[in-house]
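The structure that follows is given in the form of structure tokens.
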Amino acid sequence: MRATIPPLSLPVRIALLILGWALVVIGVVGLVLPVIQGWLTLFAGFAVLSIVSQSFHRFLRRRFHGWPKGWRRMEKLRRRLGRYLAK
């Protein structure tokens, strides 16, 4: 079953791109600093970016093929965010 995300408006897409990349940067910093949860923040940033970009979603799918439980979590978060933002 393929999870489809309803189309998003341009301002929402731009905001999600900014938020997604900010979370990725914070996650990378969090991998070094003990105060920030790096992996969790990276995971959230990747989920946000996959809502905006189908190519990024395909990239993540190829990378997660060896970790099905992680992929299911990513898809679940992606679907929830997509439905919430499309309202």
Side-chain angles (χ1 to χ4, degrees):
M1 179 173 101
R2 183 173 208 145
T4 58
I5 304 294
L8 302 172
S9 66
L10 183 61
V12 172
R13 289 176 57 92
I14 291 171
L16 287 176
L17 276 172
I18 293 169
L19 175 66
W21 283 112
L23 286 171
V24 168
V25 169
I26 291 169
V28 169
V29 171
L31 293 174
V32 179
L33 297 176
V35 179
I36 303 171
Q37 292 291 324
W39 289 109
L40 181 62
T41 310
L42 275 172
F43 192 75
F46 290 158
V48 170
L49 287 173
S50 73
I51 292 171
V52 178
S53 170
Q54 279 298 99
S55 59
F56 192 76
H57 182 255
R58 284 190 300 271
F59 169 78
L60 285 178
R61 186 174 181 94
R62 285 191 303 267
R63 297 298 172 248
F64 273 84
H65 82 284
W67 189 31
K69 186 176 180 181
W71 179 250
R72 283 192 301 271
R73 287 181 180 175
M74 176 74 74
E75 278 295 302
K76 186 177 178 182
L77 179 60
R78 180 179 186 265
R79 282 192 305 270
R80 281 184 181 173
L81 285 172
R83 283 193 304 256
Y84 177 75
L85 292 170
K87 288 182 183 180

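The structure displayed is predicted, hence computed values, not measured ones. We count residues from 1, following the sequence as given.
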> Could you state the interatomic distance from CH2 (Trp71) to CZ (Arg62), rounded to the nearest 0.5 Å?
Replying inline: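 Interatomic distance, Trp71 CH2 to Arg62 CZ, rounded to 0.5 Å: 10.0 Å.
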> Are Trp67 and Leu31 co-members of a hydrophobic cluster defined by side-chain heavy atoms under 4.5 Å apart?
Replying inline: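 Yes: a chain of side-chain contacts under 4.5 Å links Leu31 to Trp67.
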>> With rounding to the nearest 0.5 angstrom, report the CZ to CZ distance, Phe56 to Arg61.
In response: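 It comes to 15.0 Å.
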> What distance do Ile51 atom CD1 and Arg80 atom CZ have between them, rounded to the nearest 0.5 Å?
Replying inline: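 The CZ atom of Arg80 is 12.5 Å from CD1 of Ile51, to the nearest 0.5 Å.
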>> If I compare all heavy atoms of Phe46 with all of Leu60, which pair ends up nearest, and what's the gap?
In response: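 Closest approach of Phe46 to Leu60: O-CD1, 3.6 Å.
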> By the rule that ILVMFWY residues connect when side-chain heavy atoms come within less than 4.5 angstrom, directly or transitively, which residues belong alongside Ile18?
Replying inline: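 Leu10, Ile14, which link up through side-chain heavy atoms under 4.5 Å apart, make up the rest of the cluster.
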> Is Val32 linked to Val25 within one hydrophobic cluster, defined over Ile, Leu, Val, Met, Phe, Trp and Tyr using a side-chain heavy-atom separation of less than 4.5 Å?
Replying inline: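 No; tracing contacts between hydrophobic side chains, which count when under 4.5 Å, never links both residues.
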>> Out of the candidates Leu19, Leu17, Val12, only one should pair with Val52 under the side-chain contact (heavy atoms from CB on, under 4.5 Å) rule; please name it.
In response: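 Option passing the side-chain contact (heavy atoms from CB on, under 4.5 Å) with Val52: Leu17.
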> From Ile26 CD1 over to Leu33 CG, what is the distance, rounded to the nearest 0.5 angstrom?
Replying inline: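 The distance works out to 11.0 Å.
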>> Could you see if Val29 belongs to whatever hydrophobic cluster contains Phe43? Use Ile, Leu, Val, Met, Phe, Trp, Tyr and a side-chain cutoff under 4.5 Å.
In response: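 Not linked; separate clusters.
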> Sub-3.5 Å donor-acceptor pair from the side chain of Ser53 to the main-chain atoms of Ser50, do we have one?
Replying inline: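 Not confirmed, Ser53 side chain does not pair with Ser50 backbone.
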> Same cluster or not: are Leu16 and Tyr84 linked, directly or through other Ile, Leu, Val, Met, Phe, Trp or Tyr residues, by side-chain heavy atoms under 4.5 angstrom apart?
Replying inline: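 Linked, Leu16 and Tyr84 end up in one cluster.
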>> Run the side chain to side chain contact (heavy atoms under 4.5 Å, CB included) test on His57 and Glu75 for me, step by step, so that the C-alpha distance in whole Å, both residues' side-chain angles and the decisive distance to 0.1 Å come before the verdict.
In response: CA-CA 10 Å; His57 182 255; Glu75 278 295 302; 2.6 Å; yes
> Can you check whether Leu23 reaches Leu42 side chain to side chain, under 4.5 Å on heavy atoms?
Replying inline: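 Side chain of Leu23 against side chain of Leu42, heavy atoms only: no contact under 4.5 Å found.
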